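Each remark here refers to the structure printed beneath this line.
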Amino acid sequence: MKPKKQFQAPKGTFDILPEDQKYWEKVRKVVKHVALGYGFERIDTPILEDAELFSLSEGETTDVVEKQMYTFRTKGGDVVALRPEGTPSIMRAYVERGMTNAPQPVKLYYLAPMFRYEQPQAGRYRQHHQAGLEVIGDQNPIYDAQIISMCIAVGVELGLKNLNVEINSLGCPKCRPAYRTQLARYFKARAPRLCKDCKRRLKYNPLRLLDCKEEQCQELKANAPNLIDSLCQECHDHFKAVLEYLDELAVPYALNPHLVRGFDYYTKTVFELFLEDEHAEGGSEKTHERSRLALGGGGRYDALGKILSGKDVPAAGAGIGMERLIGVMKKQGVKIPPLYRPEVFLAQLGAFARKKSLKLFEELRHSGIMVAESFGKDSIKAQLRSADRAGVKITLILGQKEAIDGVILMRDMETGAQESVELEKIVKVIKEKLKK
RNA sequence: GUGGGCGUAGCUCAAUUGGCAGAGCUCUCGGUUGUGGUCCGAGCGGUUGCGGGUUCAAGUCCCGUCGCUCACCCCA
């Protein structure tokens, strides 16, 4: 009978199959290890939030809010959205759950799926997963540096190479608006020489002009007023301190005065973690700009707390894309051992032996031995084949005769040698044998 | 949202000017008593992404659609 319809996973989503789970497990393990090492505790927030939480936090005119949110109305009439990123939810929880009364700063981490309605392509999905880190309730630049250091630590513990950090300061509500108008004035005077996209950017988000890759715009950018030069004293000192802390930690970084992050809530420090890609071997044409893959990024968002609580709540954080991390692990050939690695296979022959082997399986498992089986198969041949594929060192064979005599055959899968062992002693004998 | 490339078995891919939809791998079973890997044999597996159109005849040509992919935008 043919199915009514061939179902496929929704566009931009994917299944994480058993063979890939080891990578996910490894990433989760490393993030958890790093986070706990820095005193961060796990938090999980709902996948759904009031849609307004994101539009107020990130800014009405950002791409994410304008066109990438999965927003819908519930039966009860609430307008909710699948979260496009984690930070607003964390700040919402901080404010709502009274974490202002906990010892400050509150350090939180999470591993969670995020949703953005956009065109999928390499390393970009409609549902992706982020590892997030947030430090809330402290304005000290030392935390900006520590967050960056943690991102690097995750990459290093995963065995990744060619990781880089770029850093910049976006200033604060005191100094940024002045710079913004100054920048807009500069580019407006040169508008005819800007690329098509930049003419559009000039209207609603002049800061975005800074990371345009078009050559014609590059030249204009070179002489554009520099954001770092127009920072107020407080932002200047803060940025300087962050860099000093990074130097102290020996974290390699590059200043990028053109680095801009999309959301309105960012203040002062912003940074990106990326991978310098060396795939340009067969490159016939000059790919003038080096290809860089963004693995994550973050920064300080002192403006968010005010938006959500009315009070000043300084904070800093980062998000790392788990799919991209795993993509790089595979590309760089990071080896991860399989999660399931049975040591012993239990084969049975005949109805009586099969029944007996069921109990023995439980016994083996309880004693901590990883045991595999093919209880559904009848022939010894098929079972030994399974055992071979499972890669076990030892196969136990319980036949009709053995079951009656209270013994079992123990087969060494490498040598093929077999010996008969009393059923009562088998657990002990196996443990001895596996030690070698 | 815009533009290019591609959709044949679970995977990797064949199929001549339009002429019976195939192979390798995987999986299952077998190669005489209760013994794996190698070897040999057999089987399972497809309305050629889906829907129309042209034709005696469509995997092949045309249109639409969905999906994948790459680039742009933006990002993780």
Side-chain angles (χ1 to χ4, degrees), chain A residues 1-14 17 19 27 58 61-68 83-87 111-132 151 195-198 200-201 205 208 211-214 259-263 272-275 287 291-298 318-328 345 347-350 353 374 376-403 409-418:
Chain A
M1 196 176 72
K2 78 174 178 187
K4 194 174 271 179
K5 182 179 169 186
Q6 269 300 351
F7 288 102
Q8 293 180 300
K11 183 170 182 165
T13 69
F14 58 94
L17 299 174
E19 69 236 41
V27 169
E58 295 165 2
T61 63
T62 55
D63 269 22
V64 167
V65 170
E66 270 186 341
K67 43 187 197 187
Q68 297 180 349
R83 61 171 168 226
E85 55 132 358
T87 304
L111 295 156
M114 305 293 165
F115 302 84
R116 288 182 203 177
Y117 189 87
E118 56 186 330
Q119 218 47 254
Q121 62 183 62
R124 204 178 74 185
Y125 306 94
R126 288 185 174 179
Q127 176 181 353
H128 78 280
H129 298 77
Q130 270 186 39
C151 290
C195 72
K196 175 167 95 265
D197 289 322
C198 281
R200 191 166 46 85
R201 291 186 182 110
N205 200 349
R208 282 250 153 254
D211 58 9
C212 179
K213 294 172 206 102
E214 289 292 326
L259 180 66
V260 176
R261 302 218 95 221
F263 302 135
E272 253 171 43
L273 177 72
F274 64 94
L275 187 90
T287 37
S291 76
R292 31 169 292 173
L293 175 69
L295 294 176
I320 304 175
M322 293 173 72
E323 283 80 3
R324 291 187 184 177
L325 229 36
I326 288 167
V328 176
F345 190 94
Q348 37 70 36
L349 267 128
S374 288
K377 293 192 202 302
D378 296 323
S379 78
I380 182 73
K381 186 185 178 116
Q383 291 181 74
L384 274 171
R385 199 162 27 223
S386 298
D388 187 54
R389 274 185 290 220
V392 296
K393 286 205 192 87
I394 299 167
T395 294
L396 297 176
I397 301 166
L398 188 67
Q400 200 75 355
K401 204 170 64 189
E402 288 80 9
L409 293 177
M410 185 171 73
R411 179 182 179 86
D412 184 309
M413 292 302 276
E414 260 171 65
T415 64
Q418 285 186 184

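Just so it is clear, the structure is predicted and the values come from calculations on it, not from any experiment. Quick note on labels: first sequence line is chain A, next is B, and so on, each numbered from 1.
In the displayed structure, E414(A) atom CD is contacted under 6.0 Å by at most 12 heavy atoms of other residues, nucleotides or ligands.
Nucleotide G4(B) holds its C1' atom 13 Å from the CD atom of Q121(A), rounded to whole Å. A straight line from CD1 of I320(A) to C1' of C75(B) spans 15 Å, rounded to a whole angstrom. The distance between atom CD of Q68(A) and atom P of C74(B), rounded to the nearest whole Å, is 11 Å. D63(A) has its CG atom 11 Å from the P atom of C73(B), to the nearest Å. As a whole-Å value, the separation of F115(A) CZ from A76(B) C1' is 14 Å. Note: CZ (F14(A)) to P (A76(B)) measures 16 Å, nearest angstrom. To the nearest angstrom, P of A76(B) lies 12 Å from CG of L293(A).
Residue order along RNA chain B, read from the 5' end via each residue's closest nucleotide, puts K67(A) first among G296(A) and K67(A).
Residues S374(A) and F345(A) are in side-chain contact: their nearest non-hydrogen atoms beyond the backbone lie under 4.5 Å apart. Looking at K401(A) and L349(A), their side chains never come closer than 4.5 Å, going by heavy atoms from C-beta outward.
Residues meeting the side-chain contact (heavy atoms from CB on, under 4.5 Å) test with E323(A), sequence neighbours left out: F14(A), W24(A), Y125(A), H128(A), H129(A). T62(A) pairs by the side chain to side chain donor-acceptor pair (under 3.5 Å) definition with nothing, not counting sequence neighbours. Contacts of P120(A) classified as side-chain contact (heavy atoms from CB on, under 4.5 Å), with partners at least two apart in sequence or in another chain: K11(A), R126(A). Contacts of R124(A) classified as side-chain contact (heavy atoms from CB on, under 4.5 Å), with partners at least two apart in sequence or in another chain: E118(A), Q119(A), Q121(A), R324(A). Applying the side chain to side chain donor-acceptor pair (under 3.5 Å) criterion to E272(A), with sequence neighbours excluded, gives R292(A). Not counting sequence neighbours, the partners of D412(A) by the salt bridge (Lys or Arg N to Asp or Glu O under 4.0 Å) test are K433(A). Partners of Q383(A) under the side chain to side chain donor-acceptor pair (under 3.5 Å) rule, at least two apart in sequence or in another chain, are Q348(A). Residues passing the side chain to side chain donor-acceptor pair (under 3.5 Å) test with Q127(A): none are found, sequence neighbours excluded.
Taking a pair as Watson-Crick or G-U with both hydrogen-bonding distances under 3.5 Å, the stems of three or more pairs touching RNA chain B are B:1-7 with B:66-72, B:10-13 with B:22-25, B:27-31 with B:39-43, B:49-53 with B:61-65.
Residue contacts for A122(A): at a heavy-atom cut-off of 4.0 Å it reaches the sugar-phosphate backbone alone, with no base atom in range. At a threshold of 4.0 angstrom between heavy atoms, the contacts of Q130(A) are confined to the sugar-phosphate backbone, with no base atom among them. Q119(A) comes within contact range of at least one nucleobase, with a heavy-atom separation under 4.0 Å. At the heavy-atom level, R261(A) lies under 4.0 Å from the strands shown only through sugar-phosphate atoms. Within 4.0 Å (heavy atoms only), G297(A) reaches no atom of the nucleic acid at all. Base engagement by E118(A) is indicated by at least one non-hydrogen atom pair under 4.0 Å involving a base atom. Looking at heavy-atom distances under 4.0 Å, G12(A) makes contact with sugar-phosphate atoms alone, never a base.
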Please tabulate the protein-to-nucleotide N/O contacts below 3.5 Å involving nucleotides 5-11 of chain B, giving atom names and distances.
none

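Between the C1' atoms of A71(B) and U28(B), the separation comes to 45 Å (whole Å). When the C1' atom is used for both C13(B) and G19(B), the distance is 22 Å, rounded to whole Å. Rounded to whole Å, the separation between the P atoms of C63(B) and G24(B) comes to 36 Å. U26(B) and C39(B) have their P atoms separated by 9 Å, given to the nearest Å. Rounded to whole Å, the separation between the P atoms of C44(B) and A23(B) comes to 12 Å. Across the P atoms, A14(B) and G49(B) are found 14 Å apart, a figure rounded to whole Å. Comparing the same atom, C1', in G59(B) and in U48(B) gives a spacing of 5 Å after rounding to whole Å. Rounded to a whole angstrom, the distance from the P atom of C25(B) to that of G43(B) is 15 Å.
What you find for A112(A) and R83(A) is that their closest heavy atoms are CB-NH2, 3.2 Å.
Closest contact between the side chain of R124(A) and the listed nucleotides G67(B), A71(B), C73(B) involves C73(B).
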In a table with atom names and distances, give each donor-acceptor pair under 3.5 Å that connects a side chain of residues 387-399 of chain A to protein atoms at least two apart or in another chain.
none

task = Going 5' to 3' through nucleotides 27-37 of chain B, assign each nucleotide B (protein heavy atom under 4.0 Å from a base atom), S (under 4.0 Å only from sugar-phosphate atoms) or - (no protein heavy atom that close).
result = SSS-B--BBBB

